[in-house]
Structure formats: structure tokens, C-alpha cells
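Whatever order the structure lists them in is the order used to number ligands and atoms, beginning at 1.
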Amino acid sequence: MDQPLASASDIPSLDKLVRQPALAALVVRYGRTQVIDALRLHLDSLRHAAVSGALPRAAMDEDAIASALAGRLEDRARRRMRPVFNLTGVVVHTNLGRALLPDEALEVVAEALKWPVNLELELATGRRGDRDSLVESLLCELTGAEAATVVNNNAAAVLLMLSSLAARREVIVSRGELVEIGGSFRLPDIMRQAGVRLCEVGTTNRTHPGDYLEAIGPRTALLLKVHTSNYTICGFTASVGVSGLKKIGRERGLPVAVDLGSGSLLDLSRWGLPREPTVRETLAAGADLVTFSGDKLLGGPQAGIVVGQADLVRRLKANPLKRALRVGKLVLAALEPVLALYRAPESLAERLSTMRLLTRQAADMKLQAFRLLPVLQQALGNAYQVREEPMASEIGSGALPTQQLASHGLTVSVARGGRGSLDRLQAALRSLPRPVLGRLAAKKLWLDLRCLDPSEEQCFAAQWEALRPPDGTLGTDRA
Ligand SMILES: *Cc1c(COP(=O)(O)O)cnc(C)c1O
């Protein structure tokens with residue numbers, strides 16, 4: 001049956017509408033400016049619909065207008081950045097904000113937000129201070145370095161290092177280490193931005209000490225080693241280690257820098273995790289400077305950290321770029337308590353959130369999977385088949401790309417003859433109050449439970465229960 005249509009002249013005036021009680025309530029909630037803005041937009045859309053002959057008379061109703069307006073305003077007020085459930089199996093997930101901060105750090109950040117802090121003030125002397133000094137001695141203690149500086153992220157750390165030590169000169173890098181990190185960090189591009197000439201040596205799979213020695217000339221400023229964090233080259237390979245580079249650097253009077261990427265502060269194998277070179281080892285092997293991220297394996301806030309020889313760090317601090325790349329008080333507030341946790345490695349696996357997730361045992365997730373399986377199966381109805389299955393998580397952010405951690409979780413597939421679709425299911429999960437993100441592979445949606453903190457399990461389950469449609473059609477084609 002056709003609905004009766006309205007024309008543009010039937011649309012009530014804005015002035016008349018704002019005086020309606022239904023709108024008055026919206027004015028109290030959102031303020032007059034927003035309500036009038038939204039109302040104007042809504043009336044425009046009604047006029048467009050009227051012109052194309054698609055405006056049902058019912059849309060003219062004041063209650064209908066108020067309710068459409070409420071929807072618009074609510075939509076606009078919804079926060080864009082929201083917590084999600086990361087069930088992708090990638091623990092340090094760049095698109096989901098990388099490391100999660102421990103409660104200790106949250107309290108310090110909240111304080112730094114609310115009160116003035118001694119960001120650049122030496123309390124002992126009352127003189128102006130250097131913000132780096134808030135974490136510098138802790139970084140030196142944990143890595144054995146002489147000095148440290150902190151910038152916005154590791155890309156900035158590499159940029160600052162190159163620009164400070166090698167502008168208008170050459171930096172030698174092995175062809176096997178010219179990395180691209182997701183999100184457009186490409187070493188050759190950073191070099192160009194830093195005003196440094198890149199001198200590539202060796203081949204993709206093999207680089208020898210002789211390759212570096214041959215390339216060194218009067219314009220060479222630095223030998224750079226980049227930790228190939230998001231890929232491995234295996235088979236017939238050769239590369240020059242940090243101590244090998246140091247030997248060359250010492251002979252030719254050149255500093256050696258290492259971009260370590262995820263920058264572990266402790267040997268992770270003590271927790272049964274795969275080994276990554278630590279910052280301390282890299283310095284001990286002869287690196288003069290090491291750069292790494294604060295929010296990868298270290299488990300802190302987004303930051304780029306440079307540690308190493310005092311005279312080199314001093315040159316970085318003196319570069320005007322440092323001012324442009326410096327971190328704010330929130331980052332330093334979060335970084336200090338995270339670093340302090342490393343003073344007690346025995347309790348790191350409980351107290352550092354990232355480490356707690358990385359060290360969870362598959363048996364733990366398996367119990368969770370058994371508890372949650374009936375909840376999900378109920379919510380999804382017979383269009384889908386939910387199973388508990390072993391799976392493999394990754395550390396993420398390029399750390400140890402080929403190493404996987406035994407995990408457990410739930411998989412969802414479309415039931416035989418069911419009306420489900422994994423694309424629609426994923427879309428439905430993304431539209432939950434707290435969106436749920438999994439991984440699609442082999443015609444299943446994989447929900448790895450490693451990153452579902454047991455304290456969040458109730459909230460996770462409740463969300464599915466609330467969502468259970470009477471006909472079991474979540475993520476199915478209702479038409
Ligand atoms: C991750 C990474 C970077 C970039 O670090 P951000 O903190 O994301 O800027 C640079 N180099 C290596 C080797 C990395 O692994």
C-alpha cells in the first residue's frame with residue numbers, strides 16, 4: 001500500500017518546531033545551538049525528499065521529527081574513539097592502539113592531567129629542567145646506557161638521530177635491512193626527510209664486513225643497523241652483527257646506531273616467550289645509539305626512545321627538530337611508572353598488562369572458550385556454528401613475526417544451509433556497544449581469547465546476551 005505523501009509546503013517551520021515540548025527536552029540535553037543545527041539539517045533532508053516525491057506524510061509528525069532529531073544528535077555525540085575487544089590474536093596491534101597501560105600508569109597520567117607537574121623544573125634547585133630527565137636515569141639504569149632522550153615515536157627517534165648525526169652526509173645500511181613497517185615507515189623515506197644520503201651495501205640476503213668497509217668514504221657519517229622486525233630472511237644468508245659493525249666503526253672512527261624497533265628491556269625467554277635482542281645487549285655488543293618504540297614490547301605509551309653515548313645523545317637534544325618531536329607530559333607520566341615496573345622483573349608478568357597477555361597460557365583461554373561457547377551459540381542462533389579450537393596468537397607490531405604463541409578461542413562458521421554470512425557477522429560485531437574484532441581465515445571468524453582479560457569476560461558475555469535476537473538472526477540476512 002502506498003503511503004500518503006507530503007509536499008515541501010507541509011513541512012513545519014523551524015521556529016514552530018523548537019517550541020514543541022518534545023524538542024525542548026533535546027534542548028536541555030544538547031543545548032539550543034546543536035538542536036537548531038541538527039533541526040536545520042533534518043528539515044533540509046525532508047525538503048529534498050519532498051522534491052523527489054518521497055516524503056511520507058508520517059514524517060511530518062512532530063514526534064517523528066523529534067525522534068529523528070534525537071537519533072541525529074545521539075549519533076553526533078557518540079564518541080568516535082571507543083574501547084573494543086581485540087580478539088584478533090595480535091597482542092600488540094598497531095590499529096588498536098598497541099600496548100595497554102597498567103593501572104599504576106593510569107593513575108599517574110590522571111594526576112598529570114589534573115594538576116601542575118614539574119615537567120621542566122628541577123625541584124632540587126628550582127631551576128629550569130629538561131623533561132627527558134624525568135625518565136633518563138631510569139632508562140640508563142635499565143639499559144646500561146650513559147644517556148637517553150624521548151620523542152613522539154620510534155620513527156621520530158630514527159629521524160632525529162639521522163638528522164643530528166648525518167645531515168648532508170652518508171649513512172650505510174645493509175640492503176637486507178631496508179625495512180618498511182606498516183603504516184608507512186620506510187627507512188629510505190625517513191633518510192630523505194632527514195637530509196641523509198642512503199648508501200646501500202650488500203645484497204638482500206647477504207651482507208659482509210667487506211661491503212661496509214668498501215663503501216666507507218669521506219662523506220660517511222654513520223653505520224646503521226635496522227632490526228628486521230616484521231620479516232625474516234632465511235636460507236643462504238649472512239649479515240654483520242652489532243659487534244662486527246662496531247669493529248668496523250672503531251677502525252674508521254664512525255658511530256654505530258641500531259634501530260631496534262620493538263626494543264625489549266628484558267630477555268623474554270624467561271617467560272617462555274621467543275627471544276628478541278634486548279636494548280642492554282645491543283649496547284653491550286657495541287651500539288653507540290639504540291632507538292626503540294615505547295608502545296611495542298616495552299608495554300608503555302607511544303614514544304620513541306634513544307639511548308646510548310652521552311655525547312651523541314647531547315647532539316640529538318641540541319637539534320631544533322627535538323623541540324618539534326618532543327613528548328608531552330602525558331607520555332612521560334605514563335612512561336615513568338611502566339619503566340619502574342622493570343625494576344622488579346619477578347612481578348612483571350602480573351603487573352605489566354602487555355606481558356600479562358603475552359604470558360597467558362592456552363589452558364586458561366581454553367577454559368574461557370568453554371564458558372563463552374554457549375553464550376555465543378545462543379546469540380548467533382542456528383545460522384552459525386560456534387566451536388572452541390586451539391589457535392595461535394602473534395606478538396604483533398613486527399616483533400618476532402614468525403613466532404607464534406599457543407592460544408585458544410572460538411571460531412564461528414556459517415552453519416550448513418544457514419542464512420549467515422561472515423561479512424555480515426563481522427559488521428554486526430563491529431556495531432556492538434563495545435565492538436568485537438576477530439580475524440577471518442579459512443571461511444571462519446577466529447576469536448582468539450588471549451586478549452580477553454578475565455576481568456572483562458562478564459562484560460563481553462553480557463553484550464552478546466543483550467544482543468540475542470528472538471529469531472537467532474544476528475548477522476543474518478533478515479529480508
Ligand atoms: C615499529 C618500528 C619502527 C617504527 O616505530 P614507531 O614507534 O611505530 O614509530 C621503526 N623501526 C622498526 C625496526 C620498527 O620495528
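- Every residue two or more places apart in sequence or in another chain that forms a side chain to side chain contact (heavy atoms under 4.5 Å, CB included) with V84 is listed here: L96, P435, L437.
- Counting only distance, with no hydrogens or angles, the side chain of K246 and the backbone of P255 share no donor-acceptor pair below 3.5 Å.
- Judged by distance alone, with hydrogens and angles left aside, the side-chain atoms of R450 form a donor-acceptor pair with the main-chain N or O of L357 at under 3.5 Å.
- A salt bridge between D132 and K317 is present, with a side-chain N of the basic residue lying under 4.0 Å from a carboxylate O of the acidic one.
- Residue contacts with ligand 1: D295 is placed with no nitrogen or oxygen under 3.5 Å of a nitrogen or oxygen of the ligand (distance criterion only).
- Residue contacts with ligand 1: K225 is excluded, as none of its non-hydrogen atoms falls under 4.0 Å.
- Between G261 and ligand 1, not a single N/O pair is under 3.5 Å apart.
- In this structure, R434 forms a cation-pi arrangement with F85, its terminal cationic atom sitting closer than 6.0 Å to the ring centre and no more than 45° off the ring axis.
- With sequence neighbours left out, V414 forms a side chain to side chain contact (heavy atoms under 4.5 Å, CB included) with Y384, L422.
- Of the possible polar contacts, one joining the W446 side chain to the A441 backbone as a donor-acceptor pair under 3.5 Å is found.
- Only side-chain heavy atoms of K296 come within less than 4.0 Å of ligand 1; its backbone N, CA, C and O stay farther off.
- Contacts between R186 and ligand 1 below 4.0 angstrom, taking non-hydrogen atoms only, are absent altogether.
- If you number the atoms of ligand 1 from 1 as listed, the ones under 4.0 Å from a heavy atom of S293 come out as 5 (O), 6 (P), 7 (O).
- Among the atoms of N154, some N or O lies under 3.5 angstrom from an N or O of ligand 1.
- Within ligand 1, the atoms closer than 4.0 Å to a non-hydrogen atom of R98 are 6 (P), 7 (O), 8 (O), numbered from 1 in the order shown.
- Closest to atom 11 (N) of ligand 1 by heavy atom, among V151, I305, T228, D259, is D259.
- For ligand 1, the atoms lying closer than 4.0 Å to a non-hydrogen atom of H227 are 13 (C).
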